[in-house]
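Since the structure comes first, as structure tokens, the remarks are kept for the end.
Predicted model only: the values in this text are computed from it and were never measured. Quick note on labels: first sequence line is chain A, next is B, and so on, each numbered from 1.
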Amino acid sequence: MPVQLLKIVKGKPETPLPSHLQKEDFKHLQEGFDHTNKYFEGIVVVSYPLTKLGDGTDFFKVVLQDMDDFYSRINSINILIYGKMAEDCAKVTRSGDTFVVAGFKLEKSPTAREDGRHDCHLKLSEEAGSTIFVYKILGECLNNFFLFHDFIISFQSVAPKYLYTPLNDLKDGTVVNLYGIVKFFKPPYVSKGTDYCSVVTLVDPSNVKLTCTLFNGNLDALPKIYKVGDIVRFHRIKIREYNGQMQGITSGGFSSLTFDGTVGAPVVPRTSSKVYTFMDEEQKVIEELRAWAASNLSIPGPAAKLSGVQPMLFFDLTCQLVGKAKVDGSSFLLKVWDGTKCPYPTWKVPVEARDMEGDKVHLYQLRKLTVDILVYDNHVQLAKSFQIGSFLRIYSIHAKQVSAHQDVSHLEFHLHGGTCYGRGIGVLPESNPDVKELKAFLESVDLADTQNNESMSSLELDSTFNNLTDHELDLERCQQLSVTVLTDHQDLSNTDLKTILNSTAPQQYRIRAKLRTYKPQKLYQSVKLHCSKCNSLSEVPDGDNFDLILQGSAITAPNLELHNTSWYDSVMWTTQDQKQRKIAIHFVKHDEMLQQPEDTLLMIEGGTLKEIWKLTKRFKCVIPVRSTDNNLELLDLSVPFLVQGGTKYYGCKQCSSPKPMKSLSSIAAKQEPSWEPTEIAQVLGIEPLQYVFIMKFTLVDGTGALNAYLFDYEKFFQIPASEILTNSFLQEKMQMTMNMLCPPGRKLDDLPWLECFIRSYNVRNEMKHQVCYQIFDTTIAEDVV
DNA sequence: TTAGGGTTCG
């Protein structure tokens with residue numbers, strides 16, 4: 001058994017507690033100390049039966065022993081728990097469990113003299129805002145997605161088991177516990193009664209659906225479902241027959257946990273419950289449901305960005321709230337952004353400046369990127385309550401195309417009244433992976449960029465326009481200044497193209513010319529892979545090929561003898577579909593411990609493209625592998641040897657000599673493995689290919705025309721070629737840049753000037769000799785991109 | 001009690 005397991009068994013949970021909580025020493029559990037944001041941790045040495053106090057309140061008492069000072073004369077303290085928290089806690093607590101308690105009230109213990117324990121006791125209840133984390137003795141660990149599978153599978157939990165009913169086995173009039181995958185949901189909305197309501201349709205591997213209607217006066221008590229495909233666990237849901245079908249409805253004591261449904265994502269429950277059980281079975285069930293869903297349900301892909309909005313359709317948007325304003329009695333304005341630019345003109349809802357809530361400077365800075373979403377009727381009350389800066393997911397926004405005066409149409413965003421099709425709004429916590437991604441993206445958005453480029457993509461219906469549009473102003477500017485700048489050789493003077501064409505190669509020139517046309521016009525076709533060793537260029541393989549090779553490699557089952565080595569932990573499961581595909585994931589360890597998901601490199605056998613893609617959202621690096629008799633190995637070099645973030649890294653077939661995966665263990669053993677692609681490539685014997693833009697510019701200056709090649713990793717467009725294929729924002733940025741260099745439909749006179757360095761060189765083969773030109777040491781002017 | 005899934009008044 002690996003050594004790190006003992007660390008957990010001996011009562012040292014590795015789980016990250018909420019970061020604001022600080023550990024409190026046993027000896028500091030005294031009156032006069034401030035225990036706000038403090039927690040105490042101890043082992044349950046005695047637990048008394050659950051009882052009722054005179055007023056009917058449930059009461060549960062345990063004794064916690066301080067493990068930091070085990071041999072002190074006084075090292076235990078009474079913990080008194082009241083109400084529902086007592087009931088919940090009593091169900092799961094056993095001697096030997098570790099308790100972490102926070103938000104407690106400290107009082108003098110009247111029984112200290114008799115029981116010889118601490119002279120204070122701690123009182124906890126849900127009403128007082130207390131929190132209890134219960135760690136089971138056998139290595140269960142809240143929040144820890146790794147959960148040391150092989151360890152847990154070999155032990156049975158000591159806690160009482162809940163029974164879960166499959167959805168095809170529900171009976172009218174019963175109260176049951178169940179699991180399900182969210183097939184449809186309405187985010188909580190204000191009902192016409194006194195409560196919030198959320199409607200959730202679940203499905204499970206029995207392929208039976210169940211629609212549940214959930215009510216609660218407390219928004220937080222309803223399941224925290226963020227997207228279709230999430231997995232829920234409901235406890236104590238009442239089953240009734242309605243219109244000939246089974247229906248779920250909240251009953252007293254209803255509680256829920258929600259999990260991300262993505263294969264390989266951390267199994268972290270989302271819940272507002274202060275106490276909940278979370279055992280080895282949960283981990284397994286969630287993983288099984290994820291695997292079943294991945295092969296049997298079609299879970300929608302990533303949601304649209306504003307840059308990808310389709311007119312006349314409905315879409316879900318993950319965004320940040322920048323401003324809000326009342327409009328009238330039945331509608332309310334949310335001003336939001338997601339860092340991308342909507343390619344269509346969008347409306348601005350006229351509101352009085354004094355009614356607009358939000359940071360004025362921020363609203364102004366983001367004015368070109370924010371969109372106005374008007375929400376109606378039942379959504380108004382909820383919308384009013386949102387904090388500026390919070391992250392929202394707005395479900396089923398209507399992108400309505402409206403033709404206004406002079407046939408100029410614009411897009412309006414409405415969240416219509418009602419809850420059809422899950423129409424609604426939810427707040428996402430900052431811990432949500434989509435929010436983390438969005439936040440990082442928003443921070444990377446350079447506002448100066450969009451201010452200049454704004455006019456290229458849309459004519460805002462904005463009263464700030466004067467006689468000249470920004471577009472015209474830009475053109476005027478371009479006619480005088482160059483849209484490119486030189487990064488070196490400033491002393492060189494210009495040479496006209498005719499002189500260059502009449503000269504011998506090789507030479508270098510500074511030129512001033514206009515871009516008459518360029519190839520390829522479809523910019524994504526300009527991205528190639530380059531091997532700096534053999535200087536070969538190749539096309540970027542498409543996903544279909546990747547998928548085919550993955551399917552081929554999935555035919556061979558993972559070799560169990562290669563599982564769980566000193567440097568990685570392995571998990572394996574079988575898909576429930578007809579293919580019965582076996583998937584194995586090997587999580588690489590560092591210093592015998594698993595790292596946080598965002599730092600983790602994993603290897604996957606038998607996964608599909610979709611599964612690999614999902615894993616890359618959560619984990620730092622994913623390497624598709626296959627097993628042979630003795631080793632884990634890379635697949636064919638037609639597929640990436642590494643997927644990191646959104647980028648697929650390929651190796652040169654000609655120059656690489658792939659080594660078995662165990663070569664990676666040398667990086668894993670390093671002080672702080674950074675998992676740099678170049679380093680990974682090196683130990684795996686891979687000569688990495690670099691993404692590069694290859695374009696042909698036809699340049700003219702009135703004296704002649706020549707074709708010059710652009711060979712650019714990043715410098716010219718200031719966009720990494722490696723990211724362009726997966727980042728729609730960068731694609732849009734590049735398209736805008738090209739539109740600026742070579743505005744479509746313009747006469748030659750109206751084109752902007754480009755200052756460039758070009759070098760001439762000879763290309764000779766048996767048949768002919770040719771002089772070619774390449775652009776170098778040139779970049780797009782800062783105020784253009 | 002409320003809602004009981006299946007796009008819109010604006």
Side-chain angles (χ1 to χ4, degrees), chain A residues 167 170 172-173 180-203 208-219 221-223 225 227-230 232 234 237-252 254 297-298 300 303-304 309-317 325-334 346-351 371-383 393-404 409-426:
Chain A
L167 299 186
L170 298 171
D172 184 21
I181 300 149
V182 175
K183 193 178 153 44
F184 167 83
F185 72 105
K186 293 184 174 183
Y189 59 94
V190 182
S191 77
K192 290 183 182 134
T194 57
D195 289 333
Y196 288 97
C197 175
S198 182
V199 174
V200 183
T201 301
L202 305 177
V203 64
V208 167
K209 284 197 299 180
L210 177 75
T211 297
C212 303
T213 312
L214 312 173
F215 296 104
N216 203 299
N218 174 9
L219 184 65
L222 290 169
I225 297 167
K227 54 180 159 198
V228 166
D230 279 350
V232 294
F234 288 167
I237 183 147
K238 192 189 223 169
I239 303 301
R240 290 196 315 210
E241 197 177 314
Y242 177 76
N243 279 347
Q245 281 195 313
M246 289 305 165
Q247 173 199 59
I249 188 154
T250 34
S251 71
F254 170 82
L297 301 178
S298 67
V309 161
Q310 301 284 314
M312 311 303 287
L313 294 180
F314 293 82
F315 66 103
D316 297 347
L317 182 69
K326 67 167 182 161
V327 177
D328 58 40
S330 68
S331 65
F332 192 80
L333 170 63
L334 296 178
T346 60
W347 73 331
K348 294 280 179 262
V349 178
V351 292
V371 296
D372 284 5
I373 296 174
L374 204 51
V375 312
Y376 294 94
D377 304 338
N378 55 318
H379 309 299
V380 170
Q381 190 184 333
L382 201 59
R393 185 164 283 157
I394 311 181
Y395 301 91
S396 206
I397 300 173
H398 183 194
K400 185 177 176 185
Q401 194 162 30
V402 175
S403 280
S409 69
H410 65 267
L411 280 189
E412 298 183 355
F413 298 112
H414 298 266
L415 188 72
H416 295 293
T419 61
C420 286
Y421 272 86
R423 212 184 284 140
I425 321 175

Quick one: side chains of residues 414-424 of chain A, donor-acceptor pairs under 3.5 Å with protein atoms, not counting sequence neighbours, listed by atom name and distance.
unit_1   : atom_1 : unit_2   : atom_2 : d
A/His414 : ND1    : A/Tyr376 : OH     : 2.9
A/His414 : NE2    : A/Glu412 : OE1    : 2.8
A/His416 : NE2    : A/His398 : ND1    : 2.9
A/Thr419 : OG1    : A/Lys186 : NZ     : 2.6
A/Arg423 : NH1    : A/Gly417 : O      : 2.2

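- A/Asp377 comes within contact range of at least one nucleobase, with a heavy-atom separation under 4.0 Å.
- For DNA chain B, the outermost nucleotides in 5' to 3' order that have an atom under 4.0 Å from a heavy atom of chain A are B/dT1 to B/dG10.
- In this view, A/Asp372 and A/Lys335 satisfy the salt bridge (charged side-chain N to carboxylate O under 4.0 Å, His left out) rule, not counting sequence neighbours.
- Every residue two or more places apart in sequence or in another chain that forms a salt bridge (charged side-chain N to carboxylate O under 4.0 Å, His left out) with A/Lys227 is listed here: A/Asp434.
- A/Phe413 comes within 4.0 angstrom of nothing in the nucleic acid, heavy atoms only.
- Spacing of P atoms, B/dT8 relative to B/dG4, comes out at 14 Å, to the nearest Å.
- Among the atoms of the strands shown, base atoms are found under 4.0 Å from some heavy atom of A/Ile249.
- Each of A/Cys420 and A/Tyr376 was matched to the nucleotide of DNA chain B holding its nearest heavy atom; the match closer to the 5' end belongs to A/Cys420.
- Listed by first and then second residue, the side chain to side chain donor-acceptor pair (under 3.5 Å) pairs involving residues 192-202 of chain A are A/Thr201-A/Thr211 (not counting sequence neighbours).
- Residues passing the ring pair (Phe, Tyr, Trp, His ring centres under 6.0 Å) test with A/Tyr395, sequence neighbours excluded: A/Phe185.
- Looking at heavy-atom distances under 4.0 Å, A/Gly418 makes no contact with the nucleic acid at all.
- Of the residues near DNA chain B, A/Leu415 and A/Phe215, the one whose nearest nucleotide (by heavy atom distance) lies more toward the 5' end is A/Phe215.
- Using a 4.0 Å heavy-atom criterion, one finds that A/Thr194 contacts the bases of the nucleic acid, with or without backbone contacts as well.
- The two residues A/Ile237 and A/Cys212 make their nearest non-hydrogen contact at CD1-SG, 3.8 Å.
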